[in-house]
Amino acid sequence: MTTERPSKRRKQNGNESGLINIGGRMVDFGFNKVKNQPPKPKEQQQPQEPEQPQEQQPEEPKVDQTKNGNSKKRNGGKPKQDTPLLKARKALPIWAHQKEILASIGGSQDVLMIMGETGSGKSTQVPQFLCNEDWCRRKKVKVAGQSDPVNVGGMIAITQPRRVAATTLANRVAREMGTPLAPGMKEGSVGYSVRFDHNVPKGTKIKFLTEGMLLQELLRDPNLRQYSAVVVDEIHERSVDVDMIAGFLKQIVSGNKEGRGGIPLKVVIMSATADVERIQEFFESPASDEESKSQQSVQLLRIKGRQFPVEIKHTERPVPNIRDALYKQITQIHEGEPLPGDILAFLSGQEDIEALQRLIEDYGASLASNVPKLLPCPLYGQLSMQAQQAAFRPAPKFTRKVILSTNIAETSVTVPGVRFVIDSGKAKVKQFRSRLGMESLLVKPISKSSATQRTGRAGREGPGKCFRLFTAEAYESLSEADLPEILRNDVLGAILTMKARGINDVFSFPLMDFPDVDSVEKALVQLHFLDAIADDGSITEIGRKLALFPVSAQYGRVLLAASEPQYDCVLEVIDIISCITSGESIFYQLQMEEEREEVEELRKELYRREGDILTYLTAMQRYTAEHADRVEWCKKRKINLRNMKQALNIRTQLRGMCLKEKLLKEKPLPDPQPFEPLTPEKGEALLKCFLKGFVTKCALLAPDSSYVTTHGKHLVSIHPSSVLHGQKKEAIMFLEHVFTQKNYAKKVSAIQADWIIQALTK
DNA sequence: GAGCACTGC
């Protein structure tokens with residue numbers, strides 16, 4: 001480990017092992033509740049005991065394919081003694097640095113940065129190092145403005161960007177500490193808190209939570225009094241939430257600590273990539289010009305990880321056609337490299353994946369019978385769980401898997417068995433264009449840090465090779481890191497969070513990267529449109545409520561409108577919002593002709609000619625009215641079961657909150673309720689409620705039968721995923737506006753032109 | 001006629 005000041009900039013020296021390992025998304029097949037089940041002992045593969053748990057693989061009838069022949073007890077049910085676990089902990093690279101970490105953060109320094117490569121053990125060990133320290137005890141102190149003493153400290157929060165990472169890490173650390181998490185557990189030393197799932201036993205010292213969760217806690221308790229320390233993990237992913245958290249933490253650390261009775265909050269920032277200087281500088285610079293006395297110096301610890309070496313090969317010349325180059329590379333590996341060793345190829349999207357899948361299938365069919373087979377496995381988010389499953393299953397005998405994946409395999413899931421990575425060097429990137437009020441989704445070159453991450457996927461189980469379909473020069477020309485999300489996203493939500501947290505002058509809020517003035521101003525205008533901020537920019541009652549709801553400000557505004565007596569349709573709006581925010585779309589796209597007709601026939605009773613909003617409502621109502629077999633119901637209609645389940649969770653949460661906030665007068669009747677078709681009046685009321693949040697997203701039919709937006713006069717087309725695709729309506733309202741091939745309106749409803757005027761004039 | 005990936009008392 002080296003410690004250094006930021007001025008001593010360290011070059012990344014081409015070291016390709018500085019990799020992130022996010023435990024990744026749990027592959028939940030519904031029948032496999034793995035969360036609280038003690039895990040199987042890890043394969044004794046050297047050198048790594050993974051720093052973060054790998055995501056659980058779907059349980060297979062016979063999984064034990066131990067490579068080095070050492071048979072092992074499969075049964076994870078046995079409570080294990082501490083020894084093997086402790087042994088594994090001590091073997092982690094970070095273990096040797098415990099004293100340094102404690103000395104650094106235990107003294108006058110309140111902020112510490114740790115750059116820990118994959119396999120260093122930082123996520124599981126750092127909180128355990130901290131939690132037994134003296135400064136980590138809960139103390140009773142007097143706080144300004146309160147007569148009674150209050151408790152400050154006692155817990156450590158550790159944030160994760162993804163839910164599965166938070167829960168699986170919590171389970172692992174709980175076991176290591178000898179207090180494994182179980183459903184009915186009353187006491188323990190480790191807990192977690194993610195949306196819809198909380199398990200914080202009495203006596204919890206270490207709490208894993210998602211970034212969004214800590215942000216919510218910050219709204220309730222700006223001083224984070226229950227915590228002695230906050231560990232921010234995976235900060236290099238730079239989500240909007242983590243940027244906001246960094247800002248709030250900086251304010252707490254550099255503030256006068258009155259709200260915490262003088263007790264400092266210790267902050268540990270952890271990153272898996274090398275470009276940490278900016279972040280370090282951020283925490284070192286004074287929070288505001290008023291007080292420079294509290295300037296921090298931030299120590300940086302670098303800790304090696306444990307990865308197998310990966311040999312990187314760039315192309316000699318730029319490739320003219322990525323699909324061809326990919327195909328050639330795959331066949332070359334297949335013919336030149338022995339089994340076992342699956343191939344993981346990174347592509348930019350579904351279209352490329354499907355095209356390549358067909359090519360590989362044809363190639364596979366041409367192979368002689370004495371040559372190993374080649375099995376293409378597509379892997380992208382919109383694919384159903386069943387279709388994803390093949391990528392995670394071990395390859396059949398005498399077969400090599402080729403996983404054709406989007407960015408999903410870069411951080412969110414880990415595919416076992418991979419020895420070869422092929423990197424197209426491209427990814428689709430979403431970017432919000434505040435001037436047009438729309439987002440774009442375009443193929444862009446990846447960053448160096450992303451390329452490094454992809455490369456590392458070949459070295460998880462043994463030495464590997466990475467074939468980059470771009471030249472070494474092209475690699476050098478890539479940007480160091482991806483653009484932080486806060487510079488690519490709509491900042492409306494972030495601005496609302498600041499306002500709700502009492503930050504009136506948002507431009508004074510400390511951010512590692514500040515969005516350009518124009519997009520902040522656009523967000524402020526939008527918030528004013530939504531009645532969330534007053535003319536002087538201060539937050540309104542409506543704004544406070546919107547900040548509370550776990551949906552975007554626009555959807556929150558629709559909910560508030562629905563509670564007004566003239567509309568009175570809160571339950572319906574909750575159903576619709578739940579459905580929309582549960583995932584990309586609840587409807588899977590239909591492939592083959594025959595299945596298409598059959599499914600479309602069944603879907604007919606869900607589709608509404610008024611548009612997508614009422615279609616979602618009908619789908620949700622039909623689904624909840626179904627009491628025979630909801631799984632089968634979804635299957636027949638090719639509806640995304642995972643999203644429907646998620647929608648029900650959101651629905652329950654929103655109903656609870658609406659009751660609490662008095663948007664609902666009484667508790668809704670429990671499911672299943674008989675399905676009742678929507679009356680035209682109700683339909684109109686619903687669409688008018690949505691107009692309260694989306695007046696600025698409407699378009700009128702022009703004489704040449706194109707649609708022109710009312711705000712900005714842009715040409716839009718109705719997206720093919722909409723039930724209104726190809727139809728001509730007097731006026732439309734849309735909830736999403738995306739530029740891909742064209743300017744598309746998504747989630748479209750037919751409205752009357754005069755409703756827009758009404759909504760604007762109130 | 002088209003679909004990078006996450007997330008929220």
Side-chain angles (χ1 to χ4, degrees), chain A residues 22 24-25 159-166 193-198 200 209-221 234 237-242 244-245 346-354 378-383 405-413 424 426-431 439-444 446 450 453 482 485 488-489 493-494 496-497 546-553 555-556 577-578 581-585 587-591 596 640 646 649-650 652-654 656-657 660-661 717-722 724-726 736 738-742 744-746:
Chain A
I22 251 281
R25 192 179 56 181
T159 66
Q160 293 293 325
R162 279 169 287 281
R163 299 178 46 182
V164 243
S193 184
V194 301
R195 193 183 188 185
F196 312 130
D197 194 4
H198 309 268
V200 185
L209 20 66
T210 45
E211 293 160 353
M213 221 56 177
L214 187 69
L215 263 187
Q216 289 296 323
E217 291 191 359
L218 268 160
L219 283 184
R220 267 207 319 279
D221 176 14
E234 313 284 4
E237 293 197 17
R238 297 294 307 273
S239 62
V240 175
D241 283 357
V242 95
M244 296 286 288
I245 286 173
F346 286 100
L347 290 84
S348 61
Q350 186 182 341
E351 197 185 345
D352 276 348
I353 289 174
E354 282 171 352
L379 184 62
Y380 49 90
Q382 270 305 98
L383 217 53
S405 174
T406 59
N407 250 350
I408 192 170
E410 194 180 300
T411 47
S412 301
V413 297
S424 67
K426 306 274 183 195
K428 273 189 190 161
V429 181
K430 198 170 83 179
Q431 177 119 29
E439 56 193 25
S440 60
L441 187 62
L442 299 170
V443 177
K444 294 262 169 73
I446 59 171
S450 183
Q453 174 74 4
D482 293 316
E485 208 181 38
R488 293 188 290 113
N489 258 22
L496 181 62
T497 304
L546 298 186
L548 216 62
F549 280 100
V551 296
S552 73
Y555 288 132
I577 293 175
S578 306
T581 58
S582 70
E584 181 50 29
S585 168
F587 296 108
Y588 282 120
Q589 50 185 313
L590 306 177
Q591 311 276 3
R596 199 185 183 105
N640 189 323
Q646 170 81 348
N649 281 331
I650 299 170
T652 307
Q653 185 188 26
L654 288 178
M657 295 182 83
K660 216 171 114 203
E661 295 299 318
S717 308
I718 297 177
H719 193 269
S721 64
S722 170
L724 291 186
H725 174 68
E736 289 167 20
V738 187
F739 178 84
T740 48
Q741 310 291 317
K742 269 182 17 186
Y744 280 118
K746 294 173 91 171

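Within every chain, numbering begins at 1; the chains are lettered A, B, ... in the order of the sequence lines, protein sequences first and strands thereafter.
Remark: A:Thr210 is not in phosphate contact with B:dT7, judged by side-chain N or O atoms under 4.0 Å from OP1 or OP2. Contact annotation: A:Tyr380 side-chain N/O to B:dG3 OP1/OP2 distance is not under 4.0 Å. Remark: A:Thr406 is in phosphate contact with B:dA5, judged by side-chain N or O atoms under 4.0 Å from OP1 or OP2. Residue A:His719 has no polar side-chain atom (N or O) positioned under 4.0 Å from OP1 or OP2 of B:dG1.
Comparing atom distances between the A:Ile408 side chain and each of B:dG3, B:dA2, B:dA5 picks out B:dA5 as nearest. Nearest nucleotide to the A:Glu351 side chain, out of B:dA5, B:dG3, B:dA2: B:dG3. Of the candidates B:dA2, B:dT7, B:dA5, the closest approach to any side-chain atom of A:Arg163 belongs to B:dT7.
Within the 4.0 angstrom heavy-atom criterion, base atoms lie near A:Val551. In this structure, A:Thr740 reaches the sugar-phosphate backbone alone: every heavy-atom distance under 4.0 Å involves primed, P, OP1 or OP2 atoms, never a base. A:Gln653 comes within contact range of the sugar-phosphate backbone alone, with a heavy-atom separation under 4.0 Å but no base atom that close.
If you measure from atom CD of A:Glu234 to atom C1' of B:dC6, you get 13 Å, rounded to the nearest angstrom. Remark: P of B:dT7 and CD of A:Glu485 are 12 Å apart, rounded to the nearest angstrom. Separating the CZ atom of A:Arg488 from the C1' atom of B:dC6 is a distance of 11 Å, rounded to the nearest angstrom. The interatomic distance linking A:Glu736 (CD) with B:dG3 (P) rounds to 12 Å, in whole Å. Following rounding to the nearest Å, A:Gln160 (CD) and B:dG8 (C1') show an atom-to-atom distance of 16 Å. In this structure, A:Phe739 places its CZ atom 12 Å from P of B:dA2, rounding to the nearest Å. In this structure, A:Ile353 places its CD1 atom 18 Å from P of B:dA2, rounding to the nearest Å. In this entry the distance linking CD1 of A:Ile718 with C1' of B:dG1 reads 13 Å, nearest Å.
Along DNA chain B, the nucleotide closest to A:Arg195 and the one closest to A:Leu441 are compared, and the more 5′ of them pairs with A:Leu441. Across the interface with DNA chain B, nearest-nucleotide mapping of A:Gln350 and A:Met657 shows A:Gln350 to be the residue nearer the 5′ end.
Between the side chain of A:Ser424 and the backbone N or O of A:Phe346, at least one donor-acceptor pair lies under 3.5 Å.
Defined by atom type and a distance below 3.5 Å, a donor-acceptor pair is missing between the side-chain atoms of A:Gln453 and A:Thr411.
For the atom pair A:Glu211 CD and A:Met244 CE, the distance stands at 12.0 Å (nearest 0.5 Å). Summarising the geometry, atom CG belonging to A:Leu441 is positioned 10.0 Å from atom CD belonging to A:Gln741; distances are rounded to the nearest 0.5 Å.
Scored by the salt bridge (charged side-chain N to carboxylate O under 4.0 Å, His left out) test, A:Glu217 finds A:Lys207 as partners (sequence neighbours excluded). Listed by chain and residue number, A:Tyr607 satisfy the ring-ring contact (aromatic ring centres under 6.0 Å, His included) test with A:Phe587 (two or more places apart in sequence, or in another chain).
The base of B:dG8 does not come close enough to the side chain of A:Arg162 for any donor and acceptor atom to sit less than 3.5 Å apart.
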